[in-house]
Amino acid sequence: MPNTDRLTDAQREAIDALTSAPPYAGASKLRIFMRLPAKHKAAYFREHFLVPCIAAVIAIALCTFVIVHIASPRERPALYAAVVDSSLPLGEAAKLEQSTEHELGADVIVDDYFDTTKDGISKLQTMISSEQIDVVIAPPTVFKELASYGYFSNLHEALPAAEYGQLHAYTEDFRGFDDAQLADDVDDSGSGKGAAEPYDLKLDDAKHWHEFAGDDAALIGVVANTKQGGNARRFIKYLYQ
């Protein structure tokens, strides 16, 4: 035991400080922050609260963005055209989009990111099911496959009689989907078992199409579940003008 009679006042204060409990022992960080002198608050806040506060702000911002995005989804374009397997050269989709927007006077998307060697078919099926696509442009072999799934409208019914009469020479019949006569075999499918109907138009002689596309054969069809049939017809008419 030290002889405190020989200690100075300063030494006694130092010993008392070392042997006594911390002034804020057991208190929460928030309570400690509230009790600290003003000159120490900034440093304590940076050390104990700054990172959690930043994380909380980011989390709140992300939640707000998601809620707003869900509550106010992006307005659907007047026309969404899916271009499959590079039916347009690189960069030409954007030019066709701008040209069509000028013609229709409304928002248009010409999306050429559909590659059937990757996930193009599944992407297309998902977007058609959710009614996001209005017309599809694809090479003949791919179009035939898509038609067999029942994705397209019979153009004889989808187009006005006068317009169909003008474009009839460019139509081609494909067999669609029909599951009415399926057997019990689980592997049996109605794909390609429907009647052969004019689901497409050949774009070989479509004047405006060839302002943007090359000479590769491509077909266009109107998606069966589109709610933008009028704009789809205007788009087709524009391509052939």
Side-chain angles (χ1 to χ4, degrees), residues 77-104 107-129 132-156 158-159 163-177 191-192 194 196-226 228-229 231-241:
L79 179 78
Y80 197 115
V83 181
V84 183
D85 283 351
S86 302
S87 296
L88 283 171
L90 185 64
E92 295 301 311
K95 297 178 183 178
L96 176 59
E97 184 176 291
Q98 294 173 359
S99 179
T100 307
E101 284 185 343
H102 182 267
E103 175 68 18
L104 269 61
D107 291 338
V108 172
I109 292 179
V110 178
D111 184 354
D112 61 349
Y113 290 98
F114 293 90
D115 185 349
T116 58
T117 64
K118 298 178 181 178
D119 62 348
I121 291 292
S122 60
K123 176 185 174 184
L124 196 67
Q125 291 174 320
T126 300
M127 294 184 69
I128 288 177
S129 297
Q132 296 182 57
I133 294 177
D134 305 304
V135 297
V136 173
I137 298 172
T141 55
V142 177
F143 197 98
K144 179 180 180 180
E145 178 183 358
L146 297 174
S148 73
Y149 299 149
Y151 287 154
F152 299 118
S153 295
N154 181 334
L155 294 179
H156 188 270
L159 297 178
E163 186 174 347
Y164 181 79
Q166 294 173 353
L167 299 175
H168 175 68
Y170 306 117
T171 63
E172 185 174 356
D173 290 353
F174 288 110
R175 298 186 69 87
F177 182 89
S191 297
E197 295 179 329
Y199 289 120
D200 76 285
L201 291 166
K202 301 175 185 177
L203 290 171
D204 295 352
D205 296 319
K207 178 181 177 181
H208 276 107
W209 170 252
H210 284 290
E211 291 180 3
F212 309 96
D215 295 329
D216 292 341
L219 308 177
I220 185 171
V222 177
V223 176
N225 65 353
T226 179
Q228 308 288 338
N231 288 328
R233 291 190 291 271
R234 290 174 64 192
F235 179 61
I236 290 173
K237 184 177 180 180
Y238 169 65
L239 293 180
Y240 282 90
Q241 285 179 346

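Model, not experiment: these values are computed from the prediction. As a basis for the values below, the full set of heavy atoms in this structure was taken, side chains included, without hydrogen atoms, waters or symmetry mates.
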- Task: Might you work through the ring-ring contact (aromatic ring centres under 6.0 Å, His included) test for F143 and Y199, ending with a clear yes or no?
- Result: CA-CA 9 Å; F143 197 98; Y199 289 120; 8.0 Å; no
Indicate the atoms forming the closest heavy-atom contact of [X] with [Y], along with that distance.
X    : Y    : value
T226 : I133 : CB-O, 4.3 Å
S153 : V223 : OG-O, 3.7 Å
P89  : A213 : CD-CA, 3.9 Å
L124 : A82  : CD1-CB, 3.7 Å
A224 : G150 : CB-O, 4.2 Å
E197 : N154 : CD-ND2, 3.5 Å

- Message: Pair E103, H208 - check side-chain contact (heavy atoms from CB on, under 4.5 Å), show working.
- Response: CA-CA 11 Å; E103 175 68 18; H208 276 107; over 6 Å; no
For the atom pair [atom1] ([X]) and [atom2] ([Y]), what is the distance rounded to the nearest 0.5 Å?
X    : Y    : atom1 : atom2 : result
L155 : R233 : CG    : CZ    : 11.0 Å
I121 : D85  : CD1   : CG    : 7.5 Å
T100 : D107 : OG1   : CG    : 12.0 Å
F114 : S86  : CZ    : OG    : 12.5 Å
K202 : I220 : NZ    : CD1   : 15.0 Å
I109 : E101 : CD1   : CD    : 8.5 Å

Heavy atoms, side chains only, cut-off 4.5 Å: are [X] and [Y] in contact?
X    : Y    : answer
L239 : L96  : yes
E163 : I236 : yes
V110 : L88  : yes
L219 : F174 : yes

- Task: List the steps, then state whether ring-ring contact (aromatic ring centres under 6.0 Å, His included) holds for Y240 with Y170.
- Result: CA-CA 10 Å; Y240 282 90; Y170 306 117; 5.2 Å; yes
- State which residue, out of D115, D112, D111, fulfils the salt bridge (charged side-chain N to carboxylate O under 4.0 Å, His left out) condition with K123.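 Exactly one option meets the salt bridge (charged side-chain N to carboxylate O under 4.0 Å, His left out) with K123, and it is D111.
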- Message: Does Y149 form a side-chain contact (heavy atoms from CB on, under 4.5 Å) with I128? I'd like the steps, not just the answer.
- Response: CA-CA 11 Å; Y149 299 149; I128 288 177; over 6 Å; no
- Query: Got a donor-acceptor contact below 3.5 angstrom from the S129 side chain to the Q125 backbone?
  - Reply: yes
- Would you indicate whether H210, at its atom NE2, is surrounded by more than 12 heavy atoms from other residues, nucleotides or ligands within a distance under 6.0 Å? yes
- Can D200 and F152 be said to form a side-chain contact (heavy atoms from CB on, under 4.5 Å), step by step? CA-CA 8 Å; D200 76 285; F152 299 118; over 6 Å; no
